[in-house]
Asker: 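The structure is given below, and queries will be raised subsequently.
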Protein chains: 2
Amino acid sequence: MTELYYEDLKVGQTFHSATYEMTAERIKAFAAEYDPQPFHLDEAQAKDSLFKGLAASGWHTAAVTMRLMIDSDLKLAGGSIGAGTEELRWPQPTRPGDVLRLEIAILEMRPSQSRPTLGIVKTRLTTSNQRGETLQISRPTLMVRRRPT
Amino acid sequence: MTELYYEDLKVGQTFHSATYEMTAERIKAFAAEYDPQPFHLDEAQAKDSLFKGLAASGWHTAAVTMRLMIDSDLKLAGGSIGAGTEELRWPQPTRPGDVLRLEIAILEMRPSQSRPTLGIVKTRLTTSNQRGETLQISRPTLMVRRRPT
């Protein structure tokens, strides 16, 4: 697939990803290292928590969303590099068996003032499961290479 | 350590964490699964990237920040549960050898309107390295149990 430069993008475009299955094993393995709390590690204890059942760490959903961005048709020259996100929300927990996919929408674009080789691209990422339920919304700003002249 | 309820917190309090070392191995292992891009996986290729050297995925820094929250003196009854963050920024990349630590500040508090057993607590998390350089700033909102009466 051809790599995309700033000049290849426009506001309103959308891009889509492959899928990633969140198994109970993956949920527990991530949690053991990064978010070791009972509701991410153990089905029985999770039942008595606010989640009422095993749930992935929100940061796991965020990490998988990054993976889906790499496995999407938005192939940026120089890679997908962000300096952060203006918003990051988990409207509902990711559960074992959820199959995640990502939609990327281009919201705003402008050339970088300080770095003439880069453009600043605001995006909205919507991570959903196989039932179309939204699991995460974020609005990262990407630094995208301008096409060399 | 005693678990803390909403009533034990107040605006302006700060809490602190243990530390977590970001080795090149950990950076590459996280990236292989969640952010497989050359500048997170390979020193030589990273030199030619915007990062000019191996750098952790920002989502790795975010995941470790969650881990440091668990390894902090903010031990919340019912656990650390958030619905997202209003902001998430990486002012500079996390590098191999960086030793991360976290400061948690309580910014705002209010009882939940819809769930009388919970309080809504806005926080600011500042993740720094051993030189005091800021690697991540976020402002997650936590759902904190109210003390049973």
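Note on naming: letters A, B, ... go to the chains in the order of the sequence lines (proteins, then strands), and numbering restarts at 1 for each one.
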Asker: So for A:Ser80, is it side chain, backbone, both, or neither that comes closer than 4.5 Å to the heavy atoms of chain B?
Answerer: both
Asker: Could you name the residues of residues 82-109 of chain A that have a heavy atom within less than 4.5 Å of a heavy atom in chain B?
Answerer: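 The stretch touches chain B at A:Gly82, A:Ala83, A:Gly84, A:Thr85, A:Glu86, A:Glu87, A:Leu88, A:Arg89, A:Trp90.
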Asker: Specify which of B:Met69, B:Glu33, B:His60, B:Met143 makes the most heavy-atom pairs with chain A at under 4.5 Å.
Answerer: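 Of the options given, most contacts go to B:Glu33.
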Asker: Are B:Leu142 and B:Leu4 grouped together when hydrophobic residues (ILVMFWY) are joined by side-chain heavy atoms under 4.5 angstrom apart?
Answerer: yes
Asker: At under 4.5 Å between heavy atoms, what parts of residues 15-31 of chain B are in contact with chain A? List them by residue number.
Answerer: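 Contacts with chain A: B:Tyr20, B:Arg26, B:Phe30.
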Asker: Using a 4.5 Å cut-off on heavy atoms from C-beta on, say whether the side chain of B:Asp35 contacts that of A:Arg67.
Answerer: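 A side-chain contact is absent here, since even the closest heavy-atom pair is not under 4.5 Å.
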Asker: Which residues, numbered in order, of residues 110-140 of chain B come under 4.5 angstrom of chain A by heavy-atom distance?
Answerer: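 Counting heavy atoms that sit under 4.5 Å from chain A, the residues of residues 110-140 of chain B involved are B:Arg115, B:Leu118.
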Asker: Does B:Leu74 share a hydrophobic cluster with B:Ile70, counting links as ILVMFWY side-chain heavy atoms below 4.5 Å and allowing steps through other members?
Answerer: yes
Asker: How close do B:Trp59 and A:Ala63 get, heavy atom to heavy atom, and via which atoms?
Answerer: CB-CA, 4.5 Å
Asker: Could you have a look at B:Ile81, B:Thr141, B:Val64 and say which one has the most heavy-atom pairs with chain A under 4.5 angstrom?
Answerer: B:Ile81
Asker: Are there residues of residues 49-58 of chain B whose heavy atoms fall under 4.5 Å of chain A's heavy atoms? If so, which?
Answerer: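 Expected list: B:Leu50, B:Phe51.
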